[in-house]
Amino acid sequence: MLSILAAEGWNNFVAGFNSFMETMTKFFTSGLGKIVLFIIVAIIGAILIKVFIKMLRKLGTKTKIDQTVYKFMITVVKFVLWMLYILTLLAIIGVPITSLVAIITALTLGVTLAVQSSVSNLANGIILLANKPFKIDDFVEINGVSGTVVDISIFNTKLRTSNNEIITMPHNVTINNPIIDYTSLEMRRIALDVSVSYDSDMNKVKQVLLDTIKEQDLVLQDQANSVNLAKMNSSSIDFSVKVWTATENYWDCFFALTESVFNKLKENNIEIPYNKLDVLIKSNEPKQIEFKSDKKN
């Protein structure tokens, strides 16, 4: 008996629900119903989109994704949601969505072709930010241009040169050329070529250079620093001096070491060869050369 009553109650519920849905469908498909539905969707849809975007932005502060990439992703999501929002409202008031989507697609294709270079920069920027070959404050060389990275955007990278100039590097250039990052590691090696005369004592030269390295405070003494005979030129012998230093001390160490090497060679009377020009004047008779001055006392 109870099962019969339960089945009858369920059937009544289903019938009532179907009747309600049919009534609501007729209402919202009527002129007044479309207006009410349009207002409801417009208000609730706008609120939901704003709340959802706000949640994504808060989530971005906790994620490990690069913030520039994440902001771009939020922009794309926001654009898609608002487009769906507008298309839904237009569908409610009876605008044929199929034709509208076709028009939007054609316009998008035309704009894409017109700004093909910018779109390529955008795509390369996303790839660059995802791979992270360098970061802000790194000293890099891109396409022969050296500088400190001060900004990485979706479309370009900005470098500040040693002369305090800002160079904007499009990502099309950046991603298609070798990137040298000088500061990504903790240590850098300095390599100096030191030329001496053939008359020099090779063992003495080598010892002087080794002692010079040991006197440098910025040189990392626990690393594999070396002095080796590297090349025999027509008028000089070249020694290769290689030392390691902390990345942030590279230039200070480079200049200090160069100056010390020069001074130590002079102190030890080791000749640093340079180009000399001997001039021989031939003449059958001696000539007297007089110098006159127009200066009056």
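All residue numbers refer to positions in the sequence shown, counting from 1. Only this structure's heavy atoms are used, side chains among them; waters, hydrogens and symmetry mates stay out. Keep in mind that what you see is a predicted model, and the values were worked out from it rather than measured.
Tyr182 and Met187 sit in two unconnected hydrophobic clusters of ILVMFWY residues. Membership requires side-chain heavy atoms under 4.5 Å apart, directly or through other members. Linking ILVMFWY side-chain heavy atoms closer than 4.5 Å, directly or via other members, places Val208 and Val261 in a single hydrophobic cluster. Hydrophobic clustering places Ile86 together with Phe52 (ILVMFWY residues linked when any side-chain heavy atoms are closer than 4.5 Å, directly or through intermediates). By the criterion of side-chain heavy atoms lying less than 4.5 angstrom apart, applied directly or through intervening Ile, Leu, Val, Met, Phe, Trp or Tyr residues, Tyr198 is grouped together with Ile270 in one hydrophobic cluster. Note on Trp244 and Ile213: separate hydrophobic clusters, where clusters join Ile, Leu, Val, Met, Phe, Trp and Tyr whose side-chain heavy atoms are under 4.5 Å apart, directly or indirectly.
The side-chain heavy atoms of Leu159 and Val149, taken from C-beta on, include a pair separated by under 4.5 Å. Side-chain atoms of Leu192 and Leu209, non-hydrogen and from C-beta on, never get closer than 4.5 Å to each other.
Evaluated for a side-chain contact (heavy atoms from CB on, under 4.5 Å) with Val243, the options Val227, Val219, Leu218, Leu220 yield exactly one hit, Val219.
Across all their heavy atoms, Ser235 and Pro273 have their closest contact at O-CB, 3.9 Å. Nearest heavy-atom pair, Ser200 versus Val205, reported as atom, atom and distance to 0.1 Å: CB-CG2, 3.9 Å.
Between the side chains of Ser260 and Glu215, no donor-acceptor pair is found at a separation under 3.5 Å. In this model, a donor atom of one side chain and an acceptor atom of the other lie less than 3.5 Å apart for Asp211 and Gln207.
Atom CG of Asn176 has more than 12 neighbouring heavy atoms from other residues, nucleotides or ligands inside a 6.0 Å radius. Atom CD of Glu259 has 12 or fewer heavy atoms from other residues, nucleotides or ligands within 6.0 Å. Around CZ of Arg160, the count of heavy atoms belonging to other residues, nucleotides or ligands within 6.0 Å does not exceed 12. No more than 12 heavy atoms of other residues, nucleotides or ligands sit less than 6.0 Å from atom NZ of Lys50. No more than 12 heavy atoms of other residues, nucleotides or ligands shown are found within 6.0 angstrom of CZ on Phe262.
With rounding to the nearest 0.5 angstrom, the NZ atom of Lys58 is 13.5 Å from the CD1 atom of Ile53. Residue Thr245 holds its OG1 atom at 10.0 Å from CD of Gln221, rounded to the nearest 0.5 Å. Distance check: Gln216 CD to Asp252 CG gives 11.5 Å after rounding to the nearest 0.5 Å. One distance of note links NZ of Lys132 with OG of Ser184; it measures 14.5 Å at 0.5 Å rounding. Interatomic distance, NE2 of His171 versus CG of Asn156, reported as 6.0 Å (0.5 Å rounding).
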- Item | CA sep, side-chain torsions, deciding dist, call: Cys253, Ile190, side chain to side chain contact (heavy atoms under 4.5 Å, CB included) | CA-CA 8 Å; Cys253 186; Ile190 297 173; 3.7 Å; yes
- Test side chain to side chain contact (heavy atoms under 4.5 Å, CB included) applied to Leu265 and Val194, step by step: CA-CA 10 Å; Leu265 292 177; Val194 180; 3.7 Å; yes
- Task: Could you walk me through whether Ile152 and Phe134 pass side chain to side chain contact (heavy atoms under 4.5 Å, CB included), step by step?
- Result: CA-CA 9 Å; Ile152 307 173; Phe134 52 79; 3.8 Å; yes
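Ring pair Phe254/Trp251 is perpendicular by interplanar angle, where above 60° counts as perpendicular and below 30° as parallel.
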